[in-house]
Asker: 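The structure follows.
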There are 2 protein chains.
Amino acid sequence: MSRETAARGRRPKRGRTRQALMDAALDLVAKKAPFSSLSLREVTKRAGVVPTAFYRHFPDMSALGLTLLDESFRTLRQMMREVRQHELPNERMIRGSMETFFTYVRNNRTHFLFVSKELYGGSPTMRQAIRREIRLFVSELAMDMARFPFLTQVSAQDLQMMASLVVNGVVALTQEMLELDEDDEAGQHEMLILAEKQVRLIYFGVAQWRSDSDQPAEPLGLERVPPGVE
Amino acid sequence: MSRETAARGRRPKRGRTRQALMDAALDLVAKKAPFSSLSLREVTKRAGVVPTAFYRHFPDMSALGLTLLDESFRTLRQMMREVRQHELPNERMIRGSMETFFTYVRNNRTHFLFVSKELYGGSPTMRQAIRREIRLFVSELAMDMARFPFLTQVSAQDLQMMASLVVNGVVALTQEMLELDEDDEAGQHEMLILAEKQVRLIYFGVAQWRSDSDQPAEPLGLERVPPGVE
DNA sequence: AATATTTGTGAACAGGTGTTGACTATGAAG
DNA sequence: CTTCATAGTCAACACCTGTTCACAAATATT
């Protein structure tokens with residue numbers, strides 16, 4: 001008895017509306033304004049649903065945002081775990097890690113666009129959540145670095161500092177890559193090369209580090225520069 | 001809350017309304033939402049002016065935003081120039097530069113808060129403008145680094161890469177510092193120490209770098225990989 | 001097949017939004 | 001003093017906002 005009364009009767013909208021709302025929000029963020037300046041009605045319209053239907057799935061917009069955030073990070077965390085288990089700490093590791101990470105970013109563009117814009121522009125709750133996730137990555141990377149033979153004498157605090165340097169760099173490059181056009185192959189590859197170089201550069205510095213004295217192993221001539229340079 | 005909402009009785013309203021609008025927007029961004037989700041009426045209300053008065057000074061909100069951006073960077077550029085001229089490339093330079101820079105950030109908190117939120121959350125025009133400024137700082141730093149005697153053989157491209165690493169790191173730490181409470185002396189000092197360490201670490205890596213081979217001066221035990229790596 | 005629960009609809013509200021046009025106060029220039 | 005452009009006010013508009021409520025449709029449970 002499929003009666004279509006006012007021509008409003010639509011297809012089976014089982015639990016799909018919820019996902020439709022999330023996708024709609026993600027789309028709008030990707031090609032328009034940040035999430036905070038996104039209206040409930042806008043999202044529902046794009047999802048092909050009447051505004052009031054929103055409340056069947058989320059109490060308000062900020063709840064949608066947090067759900068989106070969770071969705072964004074859950075798969076990312078899982079991927080990072082796998083990378084950490086498979087890779088070994090050698091020269092090729094850097095390239096491999098960067099490659100898999102940036103490929104992942106590419107395949108989940110809208111999610112990263114969302115997170116990127118919320119990192120500093122979002123509500124306090126959002127920002128805090130994101131920064132917590134980032135700090136988690138830093139700690140895990142620091143743990144990995146602790147296993148490097150030439151870093152056994154570096155303090156945990158300095159390891160954290162080094163790891164955050166790497167993660168911050170990757171985050172910045174990720175955001176810069178998101179500014180590129182979606183199918184700018186050359187640009188994205190260039191970004192990958194750059195990322196690898198930068199991380200490698202940091203690792204060179206790391207190898208020179210002594211944390212006990214808060215000083216480098218060698219002065220390496222930084223301060224031996226003659227004052228007549230200017 | 002000592003806002004002079006009673007500006008109605010004040011005489012000299014000459015060119016002050018324009019600045020009042022800018023200050024109001026800056027205040028709102030600092031303690032509320034990002035600039036994009038800021039309404040014209042909200043700004044005028046805070047400035048103690050009727051909404052229509054806005055159009056006497058700016059065609060629309062985005063024009064206000066660009067003006068704010070310009071105001072934010074003009075003094076910063078000037079300060080950076082002075083630092084670049086006074087400082088010498090030695091060990092103390094890093095500490096000194098970081099100190100003056102972070103002090104400046106502290107004294108211009110609202111401006112940096114504004115820029116920080118617009119970097120990734122703002123309109124395309126805004127983001128582009130900000131990234132252009134950042135790229136400018138990178139280039140200038142790269143020029144400074146080119147004068148380091150132990151970097152004369154590094155390619156211009158790699159110098160750019162190194163400089164962007166430093167700048168990105170400082171940007172990230174700046175944004176992190178802005179998350180701290182305004183009068184959290186300890187936290188801000190800690191951030192300064194961290195910044196100095198990170199920059200110093202990068203410089204150690206820099207000293208190891210050889211750009212002609214895209215490889216480090218020494219394998220330094222990261223891996224005993226043969227030189228024939230892609 | 002009858003019932004109950006979830007999910008989507010439509011109308012309506014109170015209030016905020018950008019922008020208009022005509023009008024008025026201000027202060028400088030003639 | 002008069003003239004005139006600048007800068008601020010007021011009322012009004014058409015539109016978009018979040019949220020409410022009662023109702024209808026679709027699905028699940030009995």
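Letters go in sequence order (proteins before strands), and every chain restarts at 1.
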Asker: With a 4.0 Å cut-off, would you call E140(A) and R81(A) a salt bridge?
Answerer: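 Here E140(A) pairs with R81(A) in a salt bridge, since their nearest N and O are under 4.0 Å apart.
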Asker: Just N and O in the side chain of H57(B): are any of them under 4.0 Å from OP1 or OP2 of dG8(D)?
Answerer: yes
Asker: Are the charged groups of R127(A) and E179(B) less than 4.0 angstrom apart, N to O?
Answerer: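 Counted as a salt bridge, because a side-chain N and a carboxylate O are separated by less than 4.0 Å.
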Asker: Given atom CG of L38(A) and atom C1' of dC16(D), what is their separation to the nearest angstrom?
Answerer: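 One finds 14 Å between C1' of dC16(D) and CG of L38(A), rounded.
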Asker: With a cut-off of less than 4.0 Å, is there a side-chain N or O of S39(A) near OP1 or OP2 of dT17(D)?
Answerer: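 Yes.
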Asker: Nearest whole angstrom, please: distance from the P of dT17(C) to the CG of L40(B).
Answerer: 9 Å
Asker: Taking CZ from R56(A) and C1' from dT27(D), how many angstroms apart are they, rounded to a whole number?
Answerer: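 Interatomic distance, CZ of R56(A) to C1' of dT27(D): 14 Å.
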Asker: Please state how far atom CZ in F58(A) lies from atom P in dT7(C), giving the value in whole angstrom units.
Answerer: 12 Å
Asker: Take atom CZ of R18(A) and atom C1' of dT7(C), then tell me their distance rounded to the nearest Å.
Answerer: 14 Å
Asker: Please state how far atom NZ in K45(B) lies from atom C1' in dG8(D), giving the value in whole angstrom units.
Answerer: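 That distance rounds to 18 Å.
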Asker: Counting distance alone, no hydrogens or angles: does the base of dG8(D) have a donor or acceptor under 3.5 Å from a partner atom on the side chain of T52(B)?
Answerer: no
Asker: Could R106(B) and E185(B) be called an ion pair, given the rule that one side-chain N must be under 4.0 Å from one carboxylate O?
Answerer: yes
Asker: Establish, from distance only, whether the side-chain atoms of Q188(A) and D184(A) form a donor-acceptor pair under 3.5 Å.
Answerer: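 Checked: Q188(A)/D184(A) side chains show no N/O donor-acceptor pair below 3.5 Å.
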Asker: Output the single nucleotide from dT9(D), dG18(C), dT17(D) whose closest atom is nearest the side chain of R41(B).
Answerer: dG18(C)
Asker: Please report, rounded to the nearest Å, how far the P atom of dA7(D) is from the CZ atom of R16(B).
Answerer: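 That distance rounds to 15 Å.
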Asker: Measure from CG on L64(A) to P on dT19(D) and round the result to the nearest Å.
Answerer: 13 Å
Asker: Any idea which of dT9(D), dA12(D), dT20(C) is nearest the Y55(B) side chain?
Answerer: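 Closest nucleotide among those given: dT20(C).
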